[in-house]
Amino acid sequence: MSIRLRLILTLTLATLAVWLSAVVWIEHSTRAQVERVLDTRLAEAARMVSSLLSDRRIALAETGEIFTTDAAPGYLRQLSCQIWSETGALVGQSSGAPEGPLTEARAAGYSTSVIEGEDWRVFTVHNAELGLSVMVGDSIAVRERLVFDVIGGLLLPAAVILPLLAMALWIGVSRGLRPLDRLTEALRQRSPQDMSPLPLAPAPPELRPVHQALDGLFARVRQARAHERDFTAFAAHELKTPLAGLKTQAQIARRAPDEATRQAALAEIEASVARSDRLVRQLLDLSALEAGEAEAQAVALGSILEDVRRDLAPLAARQGVTLAITGGAAATLPLPRVLLYTALRNIAENGILASPADGAVRLFARCEAARCVIEVADQGPGIPAAIRTRITERFFRGPGAPVGGSGLGLAIAAAAAERLGATLDFPAPGAERGQVVRLVLPRPD
């Protein structure tokens, strides 16, 4: 359902509900007022007739004769009067009054009776001086008609006004939503490549947050597109270098004059393939981190450290670096295993490449009450303070970066840490040579 139709229906139904509530309230109030006024009229009429009889202003008929009075037009269907003697004889009545008594109740005051299937309201006055009872009553149907006439006076105009009101609401809502229509049309005519801010135009206060949110979205999309372009360009550049090396070394190996030259060329080819393989794997890791949701599971920190050590053992052996676990926490944390493994593997891989031959890379984990800390310490030159804030940028390689690196390892680790809700720290090197990379994981209660 459109916003326009929803608003119109809501306003129309709300107006109708208010109108009907007013009708119900007025009906209840009118009925109470009508009953009070007409009951008062019955009492006043009965007392007036009794007073006129006492003053001899109304002559009673002789015994056996019925006294009747003439009434004005329309009076017959409103009030009826009967005068009864103490012996139960009808000595007078108004014209149009029922044949039988208006009420069987003999006590003075109000009573309700049924005459010929019709409900009547009756007031009785006893005139002790004359030994007479004066009964004045009216049909309750007359009262209902009066209330119905009042309610009809409200409902009939409503039947005419509500369609006009709905039309006025449609026009008003349509005019009120016109700025939204203009915004919709502007977005519809916009090309997919146009990520510029929306043109400044007068807008209702309700639409300004929408304008601001759209401009913010366009800015983020521009940034994401630029990031993707840079990523593609950097990835192509990084892949181009080892591929060019592969081609050159393959040509050298084919034309090598001796076995030593051929073996050297093949070693370079192997190194270029390893570098290309590492770069492709890191690109896939980065893509997986940005695209998917990993499920949390119970992960033993010691098991993760052992998996990283075992998987990187061949690389460490080729580099002549010792990779060891010097402390492993026995704690188990609920987290996505693949994220923690990816972060630690890339940190440790960077440490192996940065460490000199005969160096060592140490893996260590400890847990406290509210957190678990995992450290990877190498014996490389360390990260200079000037570039420490940029070290997690993609494809960023500082001066003196190890050969074979792509500038993606720590960027992947930082992305995985963010997904884990962890922090990645690079404390300044201490007295010992090397760099410590610290991953701090929150520990749930």
Using modelled atom types and a 3.5 Å cut-off, is there a donor and acceptor pairing between side-chain atoms of [X] and backbone atoms of [Y]?
X	Y	result
Arg262	Arg254	no
Gln297	Leu333	no
Gln82	Leu102	yes
Thr261	Pro257	no

Where do [X] and [Y] come nearest, in terms of heavy atoms and distance?
X	Y	result
Leu42	Arg121	CD1-O, 3.4 Å
Leu424	Ala417	CB-CB, 4.5 Å
Val136	Ala46	CG2-CA, 3.5 Å
Leu305	Ala365	CD1-CB, 3.8 Å
Glu118	Ala141	OE2-CB, 3.9 Å
Leu339	Ala416	O-CB, 3.5 Å

Step-by-step side-chain contact (heavy atoms from CB on, under 4.5 Å) determination, Leu441 to Leu340: CA-CA 10 Å; Leu441 298 163; Leu340 182 57; 4.0 Å; yes
Does some side-chain heavy atom of [Y] sit less than 4.5 Å from a side-chain heavy atom of [X]?
X	Y	answer
Leu38	Asp138	yes
Cys372	Leu301	yes
Glu104	Ser113	no
Arg371	Pro442	no
Leu410	Ile347	yes

Met135 and Ser80: CA distance, side-chain angles, deciding distance, side-chain contact (heavy atoms from CB on, under 4.5 Å) verdict: CA-CA 8 Å; Met135 300 178 183; Ser80 293; over 6 Å; no
Residues in salt bridge (Lys or Arg N to Asp or Glu O under 4.0 Å) contact with [X], at least two apart in sequence or another chain:
X	result
Arg255	none
Glu44	none
Glu306	Arg309
Arg362	none

side-chain contact (heavy atoms from CB on, under 4.5 Å) assessment of Thr322 paired with Val361: CA-CA 6 Å; Thr322 302; Val361 174; over 6 Å; no
Can you list the residues that meet the side-chain hydrogen bond (donor to acceptor under 3.5 Å, both in side chains) rule with [X], with sequence neighbours excluded?
X	value
Ser29	none
Thr30	none
Asp425	none
Gln189	Glu185

Of Leu363, Val308, Asn346, the residue whose pairing with Val376 passes side-chain contact (heavy atoms from CB on, under 4.5 Å):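 Going through the options one by one, the only one that passes is Leu363.
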Worked check of side-chain hydrogen bond (donor to acceptor under 3.5 Å, both in side chains) between Gln33 and Arg36: CA-CA 5 Å; Gln33 292 295 328; Arg36 184 180 64 81; 2.8 Å; yes
Note: Arg366-Glu375 ion pair, threshold 4.0 Å (strictly below):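 Between Glu375 and Arg366 there is a salt bridge, with a charged N closer than 4.0 Å to a carboxylate O.
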Asp39/Arg143 salt bridge by N-O under 4.0 Å criterion: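 Yes, Arg143 and Asp39 are salt-bridged.
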By ring-ring contact (aromatic ring centres under 6.0 Å, His included) - contacts of Tyr110 (at least two apart):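 Here the qualifying residues are Phe123.
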Pairs flagged by salt bridge (charged side-chain N to carboxylate O under 4.0 Å, His left out) wherever residues 212-221 is involved - sequence neighbours left out: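 Residue pairs with at least one partner in residues 212-221: there are none.
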Pairs satisfying salt bridge (charged side-chain N to carboxylate O under 4.0 Å, His left out), at least one member in residues 23-33, at least two apart: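 Of all non-adjacent pairs touching residues 23-33, those that pass salt bridge (charged side-chain N to carboxylate O under 4.0 Å, His left out) are Glu27-Arg31, Arg31-Glu144.
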Which donor-acceptor pairs under 3.5 Å do the side chains of residues 351-358 make with protein atoms, sequence neighbours left out?
unit_1	atom_1	unit_2	atom_2	d
Ser355	OG	Gly351	O	2.8
Ser355	OG	Gln379	N	3.2

Exceeds 12 heavy-atom contacts within 6.0 angstrom, atom CD of Glu116: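 12 or below, so no.
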Short side-chain donor-acceptor distance under 3.5 Å, Arg345 and Tyr341: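 Yes, because at least one side-chain N or O of Tyr341 sits under 3.5 Å from a partner of the opposite role on Arg345.
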Worked verdict on Thr103 versus Thr112 for side-chain contact (heavy atoms from CB on, under 4.5 Å): CA-CA 7 Å; Thr103 180; Thr112 303; over 6 Å; no
